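Everything below concerns the one structure shown next.
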Amino acid sequence: MNTEIEKLRKQLPEWVKSSVPHSSTGKVASYIPELAKASHDALGITLLNTKGEFASAGSFQMCFTMQSISKVYTLILALMDNGEDIVFSKVGMEPTGDNFNSMLKLELVRPGIPFNPFINAGAIMVSSLIHGNSQKDKSERILQFFKELANNDNLKHDEDVFHSELESGHLNRSIAYFLKGNGVLDGDVEEVLKIYFCHCSILVNCADLARMALVLACDGVDPLTGKKLIPPRFVQIAKTFMTTCGMYNASGEFAIQVGLPAKSGVSGGVLALVPGRYGIGVIGPALNDKGNSQAGIELLETISQEMKWSIF
Ligand SMILES: NC(=O)CC[C@H](N)C(=O)O
């Protein structure tokens with residue numbers, strides 16, 4: 001009898017092939033100029049199970065920056081550094097229904113704390129909560145944490161993407177100054193922005209994302225090393241946000257069509273997990289109008305429906 005991983009290995013190339021054409025209606029992000037260089041039609045995926053068995057297909061070896069996917073793990077690090085009470089006095093728990101870089105709701109509600117940690121305003125706030133002696137120290141702590149989660153000592157920042165966003169990130173800069181002006185964000189705004197841009201620029205491939213997702217799928221333990229990397233309560237919080245806000249204002253549709261906790265980024269990466277079973281990393285740089293990978297979402301829909309993986 002074929003095991004599930006054998007079935008996945010057999011079917012994946014076909015599923016990738018049928019999802020690739022969906023890229024044609026998407027657009028590679030260009031508001032961070034360096035990201036515009038990504039290959040429009042690329043699509044790759046890696047799935048990793050708790051025994052350490054991989055199934056990969058397409059452009060799975062491609063490297064890309066984590067962008068918003070990093071927000072899942074900076075939230076966890078901020079929770080580990082500060083505890084729940086402090087973090088959730090600075091950022092809310094509710095989806096917005098707005099674009100990821102929208103400022104709209106910051107002015108509509110008092111005291112103007114960001115609605116959740118996965119919109120840019122919330123993630124910038126979370127960056128300000130990371131402990132460390134200097135911006136460099138804080139960014140280094142984040143990178144070190146990500147290396148442990150990915151079990152990959154070679155993770156590094158993409159300096160070109162970092163500098164590209166540092167120069168072009170006017171909207172994020174305005175969000176951060178708005179939060180500071182409202183007395184919500186503490187600390188030096190430019191330093192906080194550097195921490196934020198820095199973790200967005202961490203380079204990964206699909207296998208790195210799959211390993212990082214597997215730790216969440218296993219409640220904070222890396223099943224392949226037995227290391228306890230995250231307290232289970234913080235994994236629970238992160239997975240809940242992934243389900244309610246992970247795909248921004250397309251999270252409801254994604255929950256219906258795919259039904260797995262997931263987080264996307266503007267580089268076209270998507271991290272997803274099947275609780276207790278799989279970590280998944282996807283890359284497909286062409287984005288839909290909500291900022292999620294067009295072909296990547298299509299591929300996850302196919303896999304989840306074929307494998308009957310929806311958690312709902
Ligand atoms: N959706 C995203 O991936 C956004 C992250 C990106 N660095 C930004 O702030 O705009």
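Keep in mind that what you see is a predicted model, and the values were worked out from it rather than measured. Side chains included, hydrogens not; waters and symmetry mates left out as well; all remaining heavy atoms used. Atoms within each ligand, like the ligands themselves, are counted from 1 in listed order.
- Residue pairs meeting the ring pair (Phe, Tyr, Trp, His ring centres under 6.0 Å) criterion with at least one member in residues 98-150, sequence neighbours excluded, are Y73-F146, F100-Y248, F118-F241.
- With respect to K7 and E306, no salt bridge is recorded, no charged nitrogen being found less than 4.0 Å from a carboxylate O.
- Looking at N120 and K71, their side chains do bring a donor and an acceptor atom within 3.5 Å of each other.
- Between E253 and K290, no side-chain nitrogen of the basic residue sits less than 4.0 Å from a carboxylate oxygen of the acidic one, so the salt-bridge criterion is not met.
- R233 and Q236 share a side-chain donor-acceptor pair at under 3.5 Å.
- When only modelled atom types and interatomic distance are considered, E14 and S18 share no side-chain donor-acceptor pair under 3.5 Å.
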Under a 3.5 Å threshold, I'd like every N/O contact between ligand 1 and protein atoms, with atom names and distance.
unit_1: ligand 1; atom_1: 1 (N); unit_2: S68; atom_2: OG; d: 2.9
unit_1: ligand 1; atom_1: 1 (N); unit_2: Y248; atom_2: OH; d: 2.7
unit_1: ligand 1; atom_1: 3 (O); unit_2: S68; atom_2: N; d: 3.0
unit_1: ligand 1; atom_1: 3 (O); unit_2: S68; atom_2: OG; d: 2.7
unit_1: ligand 1; atom_1: 3 (O); unit_2: V266; atom_2: N; d: 2.8
unit_1: ligand 1; atom_1: 7 (N); unit_2: Q67; atom_2: OE1; d: 2.6
unit_1: ligand 1; atom_1: 7 (N); unit_2: E165; atom_2: OE1; d: 2.9
unit_1: ligand 1; atom_1: 7 (N); unit_2: E165; atom_2: OE2; d: 2.7
unit_1: ligand 1; atom_1: 9 (O); unit_2: N120; atom_2: ND2; d: 3.1
unit_1: ligand 1; atom_1: 9 (O); unit_2: E165; atom_2: OE2; d: 3.1
unit_1: ligand 1; atom_1: 9 (O); unit_2: N172; atom_2: ND2; d: 2.7
unit_1: ligand 1; atom_1: 9 (O); unit_2: Y196; atom_2: OH; d: 2.7
unit_1: ligand 1; atom_1: 10 (O); unit_2: Y31; atom_2: OH; d: 2.4
unit_1: ligand 1; atom_1: 10 (O); unit_2: N120; atom_2: ND2; d: 3.4

